[in-house]
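Throughout, protein chains are lettered first and strands after them, A, B, ... in sequence-line order, and every chain is numbered starting at 1.
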Number of protein chains: 2
Amino acid sequence: MTTTLAPVFAALGDDTRWAVLARLGEGPASASALARELPVSRQAIVKHLEVLVAAGLVESERRGREVVHRALGGRLSDVARELDRIGRTWDARLARIKALAEE
Amino acid sequence: MTTTLAPVFAALGDDTRWAVLARLGEGPASASALARELPVSRQAIVKHLEVLVAAGLVESERRGREVVHRALGGRLSDVARELDRIGRTWDARLARIKALAEE
DNA sequence: ACGTGGTGCAACCACCGAGTTGCACAGGCG
DNA sequence: CGCCTGTGCAACTCGGTGGTTGCACCACGT
């Protein structure tokens, strides 16, 4: 269920998307609200939100006539754990190779 | 020292780059070697390596007539720690807001 | 009922980046 | 010395995507 983390990084690779995430990290907001606070159109925000939702980083909920979005920190922590695991594996392999060569 | 993690995510957002990293995670290799094992040209590999080096995820060293590259797992772990920290912050804020609204 | 603010949908543009090919240069090895 | 392999540099193509504008629709408040 480690839903490939590639899409997550693809999502995190854009500055505007980070701005959106950072803002949502402060608290839930609607697309229009975000468009007001950021230097891009609402449509652009909407597209970014779609990407973020697809990556599992944001959750959306219809609330009356507006749609409220909130950042999912848990997902980010999951990715972090996975990343750390991979990093350690690399270093471990490298150490083994190095030890093998030193004799 | 938190060397902006933005470039790291930009680097990790590409599938081919992950393939290169995964391969380097198995052990050091030259650009030509990588080009042989992956379905892309050597030049493409070279460009990806430049990006990865810029992101601090790969280290290169000239070894005779070839250049050997190796993955830096430590960097990955650093990014992971940072990510986890951010994720927890978001969730903490969200919890506070929720608690505030429930009374 | 009517106006307003929020969403959804579609067409469109511009640029960046992934990938390629071609060629010149450098360093081992017979 | 000559050959072969690996690297470096440059020009070029092409698709994806971040961004925009315009319009239709829906829900809430007065």
For this session: Give one of base, sugar-phosphate or nothing for B:Gln43, where a contact means two heavy atoms less than 4.0 Å apart.
Result: base

For this session: Take B:Asp78 and B:Arg81 through the salt bridge (charged side-chain N to carboxylate O under 4.0 Å, His left out) test and state the conclusion after the steps.
Result: CA-CA 5 Å; B:Asp78 290 346; B:Arg81 257 185 295 284; 2.9 Å; yes

For this session: Determine to 10° how strongly the helix from C:dA1-D:dT30 to C:dG30-D:dC1 is bent, judged from the axes of its five-pair ends.
Result: 30°

For this session: Just grab all the ring pair (Phe, Tyr, Trp, His ring centres under 6.0 Å) pairs involving residues 53-84 of chain A, residues at least two apart or on different chains.
Result: none

Seminar exercise, completed: A correct 5'-to-3' footprint of nucleotides 25-30 of chain C, with B, S and - meaning base, sugar-phosphate only and no protein heavy atom under 4.0 Å, is --BS--

Seminar exercise, completed: The answer to which of A:Thr16 and B:His69 contacts DNA chain D further toward the 5' end, by nearest nucleotide, is B:His69

Exercise. Roughly, in whole Å, what's the span from CZ in B:Arg42 to P in C:dT21?
Worked result: 12 Å

Problem set entry | Value in whole Å for how far the P atom of C:dG17 lies from CG of A:Asp15 | 11 Å

Problem set entry | Interatomic distance where CD1 belongs to A:Ile45 and C1' belongs to C:dG5 [whole Å] | 17 Å

Exercise. So, for B:Val20 and B:Leu38, which heavy atoms are closest and what is the spacing to 0.1 Å?
Worked result: CG2-CD1, 3.8 Å

For this session: Carefully, step by step, assess A:Leu12 and A:Leu21 under the rule side-chain contact (heavy atoms from CB on, under 4.5 Å).
Result: CA-CA 9 Å; A:Leu12 261 42; A:Leu21 272 176; 3.8 Å; yes

Exercise. When rounded to the nearest 0.5 angstrom, what distance separates NZ in B:Lys47 from CG in B:Leu49?
Worked result: 12.5 Å

For this session: Using the ring pair (Phe, Tyr, Trp, His ring centres under 6.0 Å) rule, collect all pairs that involve residues 16-56 of chain A, keeping only residues at least two apart or in two chains.
Result: A:Trp18-B:Phe9

For this session: Of all the heavy-atom pairs spanning B:Arg42 and B:Ser32, show the shortest one and how long it is.
Result: CD-OG, 3.4 Å

Seminar exercise, completed: So the contacted stretch of DNA chain D, first to last nucleotide with an atom under 4.0 Å from a non-hydrogen atom of chain A, runs from D:dG18 to D:dC28

Seminar exercise, completed: Heavy-atom nearest nucleotide on DNA chain D taken for B:Glu50 and for A:Arg17; more 5' hit belongs to B:Glu50

Problem set entry | Contact list for residues 77-99 of chain B, test ring pair (Phe, Tyr, Trp, His ring centres under 6.0 Å), sequence neighbours left out | none

Exercise. Looking only at heavy atoms, what is the nearest atom pair of A:Ile97 and B:Glu26, with distance?
Worked result: CD1-O, 3.9 Å

For this session: Respond yes when some side-chain nitrogen or oxygen of A:Arg36 is under 4.0 Å from OP1 or OP2 of C:dG6, and no when none is.
Result: yes

For this session: Mind listing the closest non-hydrogen atom pair of B:Ala29 and B:Leu24 along with its distance?
Result: N-CD2, 3.8 Å

Exercise. So, B:Asp84 side chain and A:Ala80 main chain: donor-acceptor pair closer than 3.5 Å or not?
Worked result: no

Exercise. Rounded to the nearest Å, what distance is computed from the CG atom of residue A:Asp14 to the P atom of nucleotide C:dC16?
Worked result: 13 Å

Exercise. Starting at CG of A:Leu34 and ending at P of C:dT7, how long is that distance when rounded to a whole Å?
Worked result: 9 Å

